[in-house]
Participant: 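Got a structure for you, questions after.
In what follows, residues are counted from 1 in the order of the sequence shown.
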Amino acid sequence: MMKMKSLSGSRAALHIFRRHLHHQRYSVGIIGAPFSKGQQKDGVQEGADLIRAAGLVQKLKGQGCVVKDYGNVTFENLPNDESIGRLKTPRAVGRANELLSGAVQKIKSDGNTCVMLGGDHSLAIGSISGHAAYRHELSVLWVDAHADINTPLTTPTGNIHGQPMSYLIHELHSKMPKLPNFSWLKPCIAAQDVVYIGLRDVDPEEHYILKYLGIKTFSMTEVDRLGIAKVMEQTCDHMFSKVKKPIHLSFDIDALDPSVSPATGTPVAGGLTYREGIYITEHICQTGLLSAVDMVEVNPKLGRTADEIKSTVNAAVDLLLGCFGRIREGSHDPDYKMPNP
């Protein structure tokens, strides 16, 4: 007791806070989605198992999380999946996301924060729709170099990993054609509940859609101008301006600069630093409202060296650890003893 009394008030408070952080228990449910047909580059289907192999489960448990790994979704091979207009492999993408949606609903009904390991970013269709089916209204934080909000009619490439947001937003429902294997999907998020961070490669049609819908965006220009702390403060002010809704964080690894995460399908120079990426996940964790996370577009076949692959995978793991209470400063060992002043 005498030792505790001799501590300054601030140091005692810090000690208590660290112990509280350590003892906070997150229940995490992991689902792998080894799917690549939302784009054309082979290898992204290997991302989920590589992230696991880098020790994700053990590291989450090491920081006090209760973790259940639900394994990988088994996706069907759909032959004769012909393009519809410019739209590539629509049947495979629609069916894969229907299966993923069901898997995410199961994880949420079991009381876990869902972590979806991709796979390409078209999988956000199933991840977010499954989350919304359980939690209804959501806030979505989309961290990405790209807006991924082209519609099937505006897409320049036909790749559905550049379109998932358009399938999910209520205000774009009238712009969406009927597609095979998508009849199960209903739009489930409002434009006002979406925030983007990290944009730096946005198509002209996407610029128009973002402005038309009034979606809150922080391009890399804004990140540079404001700093990541101010960006996150304004992000949360926007998301919580009316009602505090559960947060779905959809994180494309290409949001980080290619110097950090080069093994990805569509790298764009000038991205978030490792520290900025970690700050985003830490800040969202501290809201207490994180309910699901996507980590997508890790593609080991696009790393030129083993070090490039390792850097990309390790960044993905560290971002996820930041979502669940990892702190960068000081010790959070429950047996940590404060030194005598």
Side-chain angles (χ1 to χ4, degrees), residues 30-52 72-78 81 83 86-101 103-104 114-131 140 142-152 155-168 179 181-182 185 198 201 203 206 248-256 258 261-268 271 292-303 309 312-313 315-316 319-320:
I30 296 172
I31 186 72
F35 183 78
S36 65
K37 293 185 178 177
Q39 47 85 68
Q40 304 301 304
K41 296 175 182 176
D42 185 46
V44 74
Q45 70 277 8
E46 299 174 12
D49 286 341
L50 265 185
I51 292 169
R52 286 190 180 99
N72 288 343
V73 180
T74 301
F75 297 114
E76 303 163 9
N77 184 33
L78 298 180
D81 192 2
S83 296
R86 280 179 282 185
L87 206 62
K88 296 169 183 171
T89 59
R91 296 162 191 84
V93 174
R95 180 60 179 148
N97 278 293
E98 184 178 12
L99 292 169
L100 178 59
S101 176
V104 170
C114 181
V115 173
M116 186 276 283
L117 304 176
D120 71 62
H121 216 165
S122 71
L123 293 161
I125 297 170
S127 180
I128 293 175
S129 61
H131 188 189
V140 175
W142 195 275
V143 185
D144 199 327
H146 311 89
D148 293 351
I149 200 169
N150 272 302
T151 73
T155 172
T157 66
N159 295 326
I160 300 180
H161 80 154
Q163 305 168 41
M165 286 298 286
S166 69
Y167 293 75
L168 297 164
L179 298 169
N181 291 357
F182 278 90
L185 179 64
D201 184 14
D203 295 325
E206 292 180 302
H248 189 112
L249 172 61
S250 201
F251 206 116
D252 188 321
I253 200 69
D254 75 23
L256 300 182
S261 58
T264 190
T266 49
V268 185
V293 188
D294 307 326
M295 183 58 62
V296 298
E297 297 284 358
V298 172
N299 189 333
K301 291 192 176 180
L302 297 179
I309 298 167
T312 307
V313 172
L319 290 164
L320 290 168

Participant: Could you verify whether a donor N or O on one side chain and an acceptor N or O on the other, from Asn159 and Gln40, lie under 3.5 Å apart?
Facilitator: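 The answer is yes; a qualifying pair exists.
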Participant: Give the C-alpha distance, both sets of side-chain angles, the deciding distance and a yes or no for side-chain contact (heavy atoms from CB on, under 4.5 Å) between Lys41 and Lys301.
Facilitator: CA-CA 9 Å; Lys41 296 175 182 176; Lys301 291 192 176 180; over 6 Å; no
Participant: So, applying side chain to side chain contact (heavy atoms under 4.5 Å, CB included) with Gln39, which one of Asp120, Thr89, Val93 is it?
Facilitator: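 Of the listed residues Asp120, Thr89, Val93, the side chain to side chain contact (heavy atoms under 4.5 Å, CB included) partner of Gln39 is Asp120.
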Participant: Between Ser101 (side chain) and Asn97 (backbone), is there a donor-acceptor pair under 3.5 Å?
Facilitator: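 Checking the backbone N and O of Asn97 against the side chain of Ser101, no donor-acceptor pair under 3.5 Å is found.
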Participant: Over all heavy atoms of both residues, which pair between Pro156 and Arg86 is shortest? Give the atoms and the distance, please.
Facilitator: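 The pair with the smallest heavy-atom distance is CA-NH1, 4.2 Å.
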Participant: Go through the structure and list residues passing side-chain hydrogen bond (donor to acceptor under 3.5 Å, both in side chains) with Asp254, not counting sequence neighbours.
Facilitator: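 Partners of Asp254 by the side-chain hydrogen bond (donor to acceptor under 3.5 Å, both in side chains) criterion, ordered by chain and then number, come out as His146, Thr266.
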Participant: Within the distance-only criterion (no hydrogens, no angle test), does the side chain of Asp294 pair as donor or acceptor with the backbone N or O of Ala124 below 3.5 angstrom?
Facilitator: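 Looks like no, no N/O pair under 3.5 Å.
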Participant: To the nearest 0.5 Å, how far apart are CD1 in Ile30 and CE in Met295?
Facilitator: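 With rounding to 0.5 Å, CD1 (Ile30) is 11.5 Å from CE (Met295).
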Participant: Examine distances only and state if a side-chain atom of Thr264 and a backbone atom of Ile253 form a donor-acceptor pair shorter than 3.5 Å.
Facilitator: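 Not a single qualifying donor-acceptor pair exists.
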Participant: Using side-chain contact (heavy atoms from CB on, under 4.5 Å), reason through Leu179 and Tyr167 one step at a time and then give a plain yes or no.
Facilitator: CA-CA 11 Å; Leu179 298 169; Tyr167 293 75; 3.8 Å; yes
Participant: If we count only N and O atoms by modelled type, under 3.5 Å, do the side chains of Thr155 and Asn150 hold a donor and an acceptor together?
Facilitator: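 Looking only at side-chain atoms, Asn150 and Thr155 do not form any donor-acceptor pair under 3.5 Å.
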Participant: Under 3.5 Å, is there a donor-acceptor pair between the side chain of Glu76 and the main chain of Leu78?
Facilitator: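 Side chain of Glu76 to backbone of Leu78: no pair is present.
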Participant: Report yes or no: does Ser129 contribute a side-chain atom to a donor-acceptor pair with the main-chain N or O of Gly126 at less than 3.5 Å?
Facilitator: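 Confirmed, Ser129 side chain pairs with Gly126 backbone.
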Participant: With sequence neighbours left out, write down each residue that passes side-chain hydrogen bond (donor to acceptor under 3.5 Å, both in side chains) with Arg91, or none if nothing qualifies.
Facilitator: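 In terms of side-chain hydrogen bond (donor to acceptor under 3.5 Å, both in side chains), with neighbours along the sequence ignored, Arg91 is linked to Asp81.
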Participant: Please evaluate residues Ser127 and Leu100 with respect to the criterion side-chain contact (heavy atoms from CB on, under 4.5 Å), reporting the C-alpha separation (whole Å), side-chain torsions for both, the decisive distance (0.1 Å), and the verdict.
Facilitator: CA-CA 6 Å; Ser127 180; Leu100 178 59; 4.3 Å; yes
Participant: Using every non-hydrogen atom in the two residues, find where Asn72 and Ile31 come nearest and quote the distance to one decimal.
Facilitator: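 Scanning both residues completely, I find the closest heavy atoms to be C-CD1, 4.5 Å.
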Participant: Short question: side chain of Gln45, backbone of Asp42 - any donor-acceptor pair under 3.5 Å?
Facilitator: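 Not at all, since once roles are kept as given, no pair shorter than 3.5 Å links the two residues.
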Participant: Between Ala33 and Met116, which heavy-atom pair has the shortest distance, and what is it?
Facilitator: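 Residues Ala33 and Met116, closest heavy atoms: CB-SD, 4.0 Å.
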Participant: Starting at CD1 of Ile128, measure out to SG of Cys114 and round the result to the nearest 0.5 Å.
Facilitator: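 With rounding to 0.5 Å, CD1 (Ile128) is 11.0 Å from SG (Cys114).
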Participant: Give, for atom OG of Ser122 and atom CD of Gln163, the distance between the pair rounded to the nearest 0.5 Å.
Facilitator: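 One finds 9.5 Å between OG of Ser122 and CD of Gln163.
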Participant: Looking at Ala147 and Trp142, what are the two nearest heavy atoms and their distance?
Facilitator: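 In terms of heavy atoms, the two residues are closest at O-NE1, 4.1 Å.
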Participant: Are any side-chain N or O atoms of Lys37 and backbone N or O atoms of Ile160, one a donor and one an acceptor, separated by less than 3.5 Å?
Facilitator: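 No; zero donor-acceptor contacts below 3.5 Å.
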Participant: Any sub-3.5 Å donor-acceptor pair from Glu297's side-chain atoms to His121's backbone N or O?
Facilitator: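 Checking the backbone N and O of His121 against the side chain of Glu297, a donor-acceptor pair under 3.5 Å is found.
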Participant: Could you state the interatomic distance from CG (Asp203) to CD1 (Ile149), rounded to the nearest 0.5 Å?
Facilitator: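 Answer rounded to 0.5 Å: 11.5 Å.
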Participant: Could you report the tightest heavy-atom contact between Gly162 and Glu206, atom names first, then the distance?
Facilitator: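 Scanning both residues completely, I find the closest heavy atoms to be O-OE2, 3.9 Å.
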Participant: At their closest point, which heavy atom of Ala316 faces which heavy atom of Ile51, and how far apart are they?
Facilitator: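 Looking at all heavy atoms of both residues, the shortest contact is CB-CD1, 4.0 Å.
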